[in-house]
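Reminder, nothing fancy here: chain letters follow the sequence lines and each chain counts from 1.
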Amino acid sequence: MSRFDEEDAFEAAVAPAGGSLTQRAMAARPMPYLDGLNPAQREAVETLDGPVLMLAGAGTGKTKALTCRIAHLLNTGRARPNEILAVTFTNKAAREMKERVGSLMGTSVAGMPWLGTFHSVCVKQLRRHAELVGLKSNFTILDTDDVLRLFKQIMKAEGIDDKRHPPRVLMGRIDAWKNQALSPAKVIGREEDELWSDRLYSQDEMGTEHQAYEFKRRNPESGAIGRRIVTLKELYRQYQDRLRALNACDFGDLLLHMVTIFQKHPDLLEQYQRWYKYILVDEYQDTNVAQYLWLRLLGAAHKNVCCVGDDDQSIYGWRGAEVGNILRFEKDFPGAKVVRLEQNYRSTPHILAAASGVIAGNTNRLGKDLWTAEPEGELVRLIGHWDYEDEARWIGEEIEAMASGSRAKLRQFSLEDMAILVRASHQMRAFEDRFLKIGLAYRVIGGPKFYERLECRDAIAYFRVVIQPEDDLAFERIINTPKRGVGPKALLDIQTMARANGVSLKEGARLAIQEGLLKGKAKGAVAELVTQLDTWSSLAEQQIRYPGIEDDEAVVESVDYVPAEISHVELAERILDESGYTAMWQNDKTPEAPGRLENLKELVKGLDEHDNLNGFLENVALSVDNDSNEFDPKVTIMTLHGAKGLEFPVVFLPGWEEGLFPSQRSMDESGLSGLEEERRLAYVGITRAEELCTISFASNRPVFGQWQSQLPSRFIDEMPHEHVDVMTPQAVGSGFGTSRAGAASFDDRVSDADVYNSPGWKRLQNRQNRAPSAKPITLDMQAAPVFTVGERVFHVKFGYGEVMQSDGANLTVEFDHAGSKTLKAQYVKPAAQADDAPF
DNA sequence: GGACCTCAAGTTTTT
DNA sequence: CTTGAGGTCC
């Protein structure tokens, strides 16, 4: 701080009278926010010209720096609010930033910067220029569910076997292309993207574009000449065509379309470039290629791009994030100023050291040395358990003890202060079960989303058709929900009619009725539905307004529109009631029905927060609102991914076992880079903790229903030992003992030198050898005894029991006290031998 | 249109 | 093992 006071004084002394623009502005306005910054932060805030890369380690106050930078831009008169573009990845981050800028600036500045997620900013842009990519301004944003259904339709039409080629996987590849800003035309076809079609194609259909396969006449009469290979690229093109026809786009399109537009219309791009004088980006390490291109295009003129990120916290590689973007920043933006924020204000030195030790195992880092002025605090605690239930039980007890303040050496914590961060969501169940049992209040974050529930999706589909009558996907969803006697036959007729006339399904339905294609019950039902939809649509139209880029206060005021007859909330209620959707659940006798009605009520109530149905739909599409504003203190259970950006005084990190964390799948699919991403995840996990971090693992865990021995995660041994408190050497010892015995046979996946030759593994063995108190458990691996049904057996954890079923290797045992379990025969021994067991 | 059966898969998921 | 999706059979 003092150093900078001096520099200020120096600057003031040498500055010519009148000074720079900055200094004059500084003189004009007090800037108290600068005082709270450390030197690095201050540099990042005050370097306003040219590109800046802020490498901000975990807990180094990057949000503070970002918000102060915005305040500084405004305060120094460098930019008016709407000349600043600030993008984040999550709504939550955007909201937080808005709030903080707001409180920094007070009411002194009119208007806010363009501040939002990549997607929300792109939507705004795209609504203005939709026609340039063949969409209308009121296009629908499809969620993954719709996308998949749409894609399946296309696959089916092309006769692609969805068993051999799972739609999810193919769609995943297309999505990856979009993330790389590759439109269908830009995709370079590869052999593995060639798919078999089971359909027979006519001469015409084969066309010249497609490679004919099996060019033999099978069915001369129909003119079909053979099967063909359909490339994924072709499916991608068709998918995009369908989206355009539906006046819809998916998440990836928001970015892709804008990049396309900017690339094709330099004049327009220039307009935006002039507009956004200063650009700020949060979590830059998570940007994908499309986002990167969008940023680079927008920032090319002024080059005042400030990116904030931490390469060590890049954990979304599997979703297309390119760590390369941040690693390459200085090349992309020549002359960039790189500022490292290395002072951590969050965690104790032990926690920081443990995290640094782990992340040091990664290559290809920009490298930062985090340090802190915090007092030393507790060591990172490590504890091994026999199995995952023990782990959950122990953590539950620890939480209770800490919440009551009875944990020796530790202060009392609120449940709010504590979080359990897991690698995979299925790990959560053990904790939920246990906490339910002992009555510990918890909150799961990241569970099934409210808007993704069946009833919400149905209701939303109604709204969508009302707002956007061309939304065929939504129309298909609701046409027979509730049941109107409109089956596949009637739907097919409508589809045929729609396609023949090149109109939407809703219009197709109208035509089908006029032409007498529909009969009886279906006819009446569809006619009524279409009439109702028309009525609702006209009611809704009175409420529609699309915000554009020029949406300054003044413009908004000047927009006049007819006052709506009824509010959108009332309209929503009417839609759900008149359509019979509410009645459908009221008449439903299943136990879920009341809950679903409750959710519908909730949904309608939530509408109140939006200006109209449109705004609501936009929000549904772009937000995953997981924030619950429950007030009771609760322990948080969430995934490591979900925890990024959060911090807790007390953090538990369970399940640090090879195969689970690092995840076997990550390593199988992405090799070393997969492992490194897992390691970054470990780093993120540890650095969430402010005061106390407890890592644990279980020696036994059921994997797909089979009990398996687990090895402790390699990350455990990457933590410098002097910062780790190994809590129960006995448990660790016995755990490793079985692991080791079991390891020889249990797992061919990791039988490679990899694990057993790693320094970590060797150290673990040494440590175990040095602890004579830990008697190694030897299970007889060579002669796994054969058990007969009805035989009494003994298991180390479950105790005595009776074999109910056996196929030699696997047993189902009814234990006297532990219930029925299925496990490998090698883990139990005849009850008679139990006394020989060394424990 | 619903009940039942078989089969395959089985992480993470800011928008 | 458990779940979900798809197919088949009444």
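- In this entry the distance linking CG of A:Asp143 with P of B:dT14 reads 13 Å, nearest Å.
- Side-chain proximity of A:Asn480 to the nucleotides B:dG1, B:dT12, B:dT14 is greatest for B:dG1.
- Regarding contacts with the backbone of B:dT14, every side-chain N or O of A:Asn91 stays at 4.0 angstrom or more from both OP1 and OP2.
- Taking only side-chain atoms of A:Thr117, from C-beta outward, the nucleotide of B:dT15, B:dT11, B:dT13 with the closest atom is B:dT15.
- Spacing between atom CZ of A:Arg95 and atom P of B:dT15 amounts to 9 Å, rounded to whole angstrom units.
- Across all their heavy atoms, A:Ser663 and A:Glu678 have their closest contact at N-OE1, 2.8 Å.
- At the heavy-atom level, A:Ser666 lies under 4.0 Å from base atoms of the strands shown.
- Of all heavy-atom pairs between A:Met155 and A:His165, the closest is CE-O, 3.2 Å.
- Contacts of A:Glu669 with the nucleic acid, taken as non-hydrogen atoms under 4.0 Å apart, include base atoms.
- Taking the ring centroids of A:Tyr316 and A:Trp318, they lie under the 6.0 Å cut-off.
- Within 4.0 Å (heavy atoms only), A:Asn288 reaches no atom of the nucleic acid at all.
- Residue order along DNA chain B, read from the 5' end via each residue's closest nucleotide, puts A:Gly487 first among A:Gly487 and A:Gly642.
- The distance between atom CD1 of A:Ile315 and atom C1' of B:dT13, rounded to the nearest whole Å, is 10 Å.
- The residue A:Lys644 sits apart from the nucleic acid: no heavy atom pair falls under 4.0 Å.
- Comparing B:dT14, B:dT13, B:dG2 by their nearest atom to the side chain of A:His641 picks out B:dT13.
- Contacts of A:Phe118 with the nucleic acid, taken as non-hydrogen atoms under 4.0 Å apart, are absent.
- In terms of heavy-atom proximity, A:Leu142 sits nearest to A:Arg464 at CD2-NH2, 3.5 Å.
- Contact annotation: A:Arg319 side-chain N/O to B:dT12 OP1/OP2 distance is not under 4.0 Å.
- Atom P of nucleotide B:dT15 and atom CZ of A:Phe139 are separated by 17 Å, given to the nearest angstrom.
- Using a 4.0 Å heavy-atom cutoff across all strands shown, A:Thr639 reaches sugar-phosphate atoms only and no base atom.
- Checked against a 6.0 Å centroid threshold, the rings of A:Phe715 and A:Phe661 count as neighbours.
- Taking a heavy-atom distance under 4.0 Å as the criterion, the stretch of DNA chain C touched by chain A extends 5' to 3' from C:dC1 to C:dG6.
- Residue A:Arg168 qualifies as open at atom CZ: its count of foreign heavy atoms under 6.0 Å is 12 or below.
- Looking only at atom types and distance, the side chain of A:Glu283 has no donor-acceptor partner in the side chain of A:Gln313 under 3.5 Å away.
- With rounding to whole Å, A:Glu96 atom CD is found 14 Å from B:dT14 atom C1'.
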Exercise for the section: Kindly indicate, with the supporting measurements, whether the criterion salt bridge (Lys or Arg N to Asp or Glu O under 4.0 Å) is fulfilled by A:Lys92 and A:Glu96. Expected result: CA-CA 6 Å; A:Lys92 199 172 158 200; A:Glu96 188 184 339; over 6 Å; no

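- Between the P atom of B:dT13 and the CD atom of A:Glu677 lies a distance of 13 Å, rounded to the nearest Å.
- Between A:Ser425 and A:Val486, it is A:Val486 whose nearest contact on DNA chain B lies nearer the 5' terminus.
- Among residues two or more places apart in sequence or in another chain, the side-chain contact (heavy atoms from CB on, under 4.5 Å) test is passed with A:Ser120 by A:Thr117, A:Leu622.
- Contact annotation: A:Asn619 side-chain N/O to B:dT15 OP1/OP2 distance is not under 4.0 Å.
- Each of B:dT14, B:dT12, B:dG10 was ranked by its minimum atom distance to the side chain of A:Phe704; first place goes to B:dG10.
- One P atom belongs to B:dT11, the other to C:dG4, and the distance between them is 12 Å to the nearest Å.
- Rounded to whole angstrom, the span from the CZ atom of A:Arg665 across to the C1' atom of B:dT13 amounts to 13 Å.
- Of the listed nucleotides (B:dT15, B:dT14, B:dG1), B:dG1 has the atom at the smallest distance from the side chain of A:Lys483.
- Per the geometry, CG belonging to A:Leu148 stands 14 Å off C1' belonging to B:dT13, to the nearest Å.
- Stacking annotation: A:Trp318 is not stacked on the base of B:dT11 (requires ring centroids less than 5.5 angstrom apart and an interplanar angle below 30 degrees).
- Comparing B:dT14 with C:dT3, their P atoms are spaced 23 Å from each other, to the whole Å.
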